[in-house]
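Comments concern the structure below.
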Amino acid sequence: MAKFPFTDLHGFKDYVIYVQTYLPDRFPPRQAVGPEDQWTFELAFRGLREGLALAVDEKGEKPVFQQCGRLVEDAYELYRAGDRRAGFFKLEEVNKLLKKVPSQ
């Protein structure tokens, strides 16, 4: 099972930017992990979904997290359809929304 590079909302915010930078298939190799834990499109989106669940655990149910969840799923579908630009901007919306949630 892949380990994601965040343990709280603050770290997850950085992860969103990281994933947004390298999607859909430009991820650098991960050091000290096996082939099954190298970044892929699917693994990156699994991390986005798990990060939102972590945010809910940390901060409680908030409409912003539901909105982010919808945007992540929209981005997933856009990337899968080959629309990198629109997918990127959906994740940019996630980034902007999460910035408004206090963390640290």
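Note that the coordinates shown come from a computational prediction; the quantities given were computed from them, not determined experimentally.
- Considering only heavy atoms from C-beta on, V19 stays 4.5 Å or farther from W39 through its side chain.
- Residues E42 and R46 form no side-chain contact, since every pair of their non-hydrogen atoms from C-beta on lies 4.5 Å or further apart.
- Within the model, atoms CD1 of I17 and OH of Y15 stand 13.0 Å from one another, a figure rounded to the nearest 0.5 Å.
- L78 and V16 are assigned to two separate hydrophobic clusters, defined by single-linkage of ILVMFWY side chains at heavy-atom distances under 4.5 Å.
- What you find for H10 and S103 is that their closest heavy atoms are ND1-OG, 3.4 Å.
- The ring pair (Phe, Tyr, Trp, His ring centres under 6.0 Å) pairs that include a residue from residues 48-80 are F41-Y76, F45-Y76, where partners are two or more places apart or lie in different chains.
- R49 places no side-chain N or O within donor-acceptor distance of the main-chain N or O of E73, the cut-off being under 3.5 Å.
- Remark: L52 CG to L71 CG distance equals 9.5 Å, nearest 0.5 Å.
- A distance of 11.5 Å separates CZ of F4 from CG of L54, quoted to the nearest 0.5 Å.
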Show every donor-acceptor pair shorter than 3.5 Å between a side-chain atom in residues 82-98 and any protein atom, with sequence neighbours excluded, or say none if there are none.
from: D83; atom 1: OD1; to: A86; atom 2: N; distance (Å): 3.1
from: R84; atom 1: NH2; to: D25; atom 2: OD1; distance (Å): 3.4
from: E92; atom 1: OE1; to: Q20; atom 2: NE2; distance (Å): 2.9

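- L43 and T40 get closest at one heavy-atom pair: N-OG1, 3.0 Å.
- Of the inter-residue distances, the one linking D57 atom CG with L9 atom CG reads 11.5 Å to the nearest 0.5 angstrom.
- Using cut-offs of 30° and 60° for the angle between ring planes, the F27 and Y18 rings count as tilted.
- Here the side chain of K13 pairs a donor or acceptor atom with the backbone of V101 at under 3.5 angstrom.
- For the pair E61 (side chain) and V56 (backbone), a donor-acceptor distance under 3.5 Å is absent.
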